[in-house]
Amino acid sequence: MYRTHTCGELRADHVGEEVTLAGWVQKIRDFGAMSFVDLRDRYGITQLVTNENTSAKVTETLQQLGREFVIQATGTVRERSSKNKNIATGEIEIELSGLKILSPSAVPPFTIQDDTDGGDDLRMKYRYLDLRRNAVRKNLELRAQVAHSVRNFLTENGFIETETPVLIKSTPEGARDFVVPSRMNPGEFYALPQSPQIFKQLLMVAGFDKYFQIVKCFRDEDLRADRQPEFTQIDCEMSFVEQEDVLNTFEKLAKYTFKNVLDVDLDDFPRMPYSTAMEKYGSDKPDIRFEMLLHDITTTVQNKGFSIFDSAEYVGAIAAKGCAEYSRKQIDELTNWVKRPQIGAKGLVYVKYNEDGSFKSSVDKFYSADDLKGWAEQLNANPGDLILVLSGDKAHTVTALGELRLEMGNRLELRKKGTFKPLWVIDFPLLEWNEESKRFFAMHHPFTSPNPEDIVLLDSDPGKVRANAYDLVINGVEIGGGSVRIFNSELQAKMFDILGFTPEQAMAQFGFLMNAFKYGAPPHAGIAFGFDRLVSMFAGLDSIRDVIAFPKNNAGRDVMNDSPAPIANEQLDELFLQLKKLD
RNA sequence: GGUGGCGUAGUUCAGUUGGUUAGAAUGCCGGCCUGUCACGCCGGAGGUCGCGAGUUCGAGUCUCGUCGUCACCGCCA
């Protein structure tokens, strides 16, 4: 045994005990005749002390110590003469009788402390050092807690945790696949799963009834703060259920986990149709921590001689509480913000509803005070509020206004961390028209079942068909999503047809699933949660990198081990691969 | 594929209109110090201003390119 206790364990009632600790040197405070060493492990920090009574052997070893040396320290627990209330072990210290260097350390490139002096790049390069810091380690401990809680709940509720293969077949729909060449099958490739979708459906055919898995998924797409090329899903599927059953089950899971991990009680999750989310929030993942709803004022504002509004398909507005005082500079700033290419609005119209009840707007030339009062009434705006108006084609303007709403929410500090407002977004469209390739794509995936009421529209107006699909959204973040699946091979074949697959292509890609459906497929439905996003939300962080032990950077590189990297020609030969020159 | 921010000592940063020898804090090294816990005091070392080109009498500073990194748009069923 290297240690009798951890560095976070000893208290006043251990005084007098002979103990041995092991850990990293956090800090040495040398006073000549006496010295203090802060010894750290993941449980805490304990102070070691030497004085004139300490053996020469110990003091000589102590002279050699530096930050981050790994040492083993033996001594007697003693009450401190001056206590430190800031740390849990602050009542005691260890008077050293033995000291051994287990492993020396080079001077670390940044300090291992809560307020580190290391920048992001450096900390990523030395991630194993960054992980020694409380802040980062706590995120991973939280991650483990959430995983444990999810496993508990699902196992208690009869779900079977089942692993599915990682080397699978590439499918053309959806994200780009990571591919893996097969040495034993020259010229052929596996793909890494974007999700275990088909396998979990096959498990339903197999009668597994309730399945889950906390599983790595892989998508070869460009990254963001909340996207990694490999990420973790809580993947679930159930048989003999309808949408309502799935929503209820996983609402319980979410409530259980929030209660268990954060001691937060969540209210029942509201349900919101996709169409409402788009019209009222300008987003399919609305942040309902604050109101500031979008209002369609197209008919109100048209035919008053303002050609920009008159020619627009849609004119929408939000009312920002208490912002009528905004200066010219602040309004200009907002105007520039919405005109950035990322938002893409042409301009911004404002109406100040002043405290005295008067109006000042950028369109006073076209609209009377009565007109503007009408707008304010429609938006339920009060004196002191600032009305912001965007116009243009409906699809773009609604989302731009939704972005503006979030920006104003940020400025007014309405998006408080630690407040959690979940909701289910339901009734997604089944299909999405793609202009480029002139065909429909599945909005969720090709196995999503249409809403039975809309099946008649499949031939006449496929774009109008709603899906039995649902997303769990919390604080404007898409945390999970799923659908009721098609379990009838005829309907599945029809879906492939609408998606532009020939029966031969469908058979080649998904034949094993369609075949499986011939042998008694139960009605089934499922859902998958973005585990990294869920944990980062629990931690109050915006980036999922902080809850992943060894994440990749913006370009999908691991800067610690410098991967991806070229491979030797021998390896390429073995795989029958030849590299193409870059242009 | 695109837009923008950042890149100066080991680290975090400052650096004025383009002008003498590029600074601070912290870390590191040496010395002193018996109650510190952000210990204190004295001294020291440490720089390809990311890289390349251009403008200029003169570039850390301006321009272009490039590399790295971050955020976002496209993309991500």
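Proteins get letters first, then strands, A, B, ... in listed order; numbering begins at 1 in each.
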*Asks:* Would you indicate whether the side-chain heavy atoms of A:Thr6 and A:Leu21 approach each other to under 4.5 Å?
*Replies:* no
*Asks:* Which one is paired to B:C39, where only Watson-Crick or G-U wobble pairs with both distances under 3.5 angstrom count?
*Replies:* none
*Asks:* Should B:G1 form a Watson-Crick or G-U wobble pair with both distances under 3.5 Å, which nucleotide is its partner?
*Replies:* B:C73
*Asks:* Go through the N and O atoms of the side chain of A:Arg224 and the base of B:G74, and report whether any donor-acceptor pair is under 3.5 Å.
*Replies:* yes
*Asks:* Mind calculating the distance between CZ (A:Arg340) and C1' (B:G5) to the nearest angstrom?
*Replies:* 12 Å
*Asks:* Mark yes or no for a side-chain to base donor-acceptor pair under 3.5 Å between A:Asp121 and B:G68, with no hydrogen or angle criteria applied.
*Replies:* no
*Asks:* Okay, side chain of A:Glu60, backbone of A:Lys57: is any donor-acceptor separation there less than 3.5 Å?
*Replies:* no
*Asks:* Do A:Arg227 and B:C76 have a side chain to base donor-acceptor pair shorter than 3.5 Å?
*Replies:* yes
*Asks:* Just how far, in rounded Å, is C1' of B:C72 from CG of A:Asn410?
*Replies:* 14 Å
*Asks:* Are A:Phe31 and the base of B:U34 stacked, counting only ring centres nearer than 5.5 Å and planes tilted under 30°?
*Replies:* no
*Asks:* Tell me whether the centres of the aromatic rings in A:Phe510 and A:Phe496 are closer together than 6.0 Å.
*Replies:* yes
*Asks:* Less than 4.0 angstrom between a side-chain N/O of A:Lys27 and OP1 or OP2 of B:C39, yes or no?
*Replies:* yes
*Asks:* Once hydrogens and angles are ignored, does a donor-acceptor distance under 3.5 Å link the base of B:G74 to the side chain of A:Glu221?
*Replies:* no
*Asks:* A:Leu388 and side chain to side chain contact (heavy atoms under 4.5 Å, CB included): which partner among A:Leu348, A:Leu401, A:Val338?
*Replies:* A:Leu348
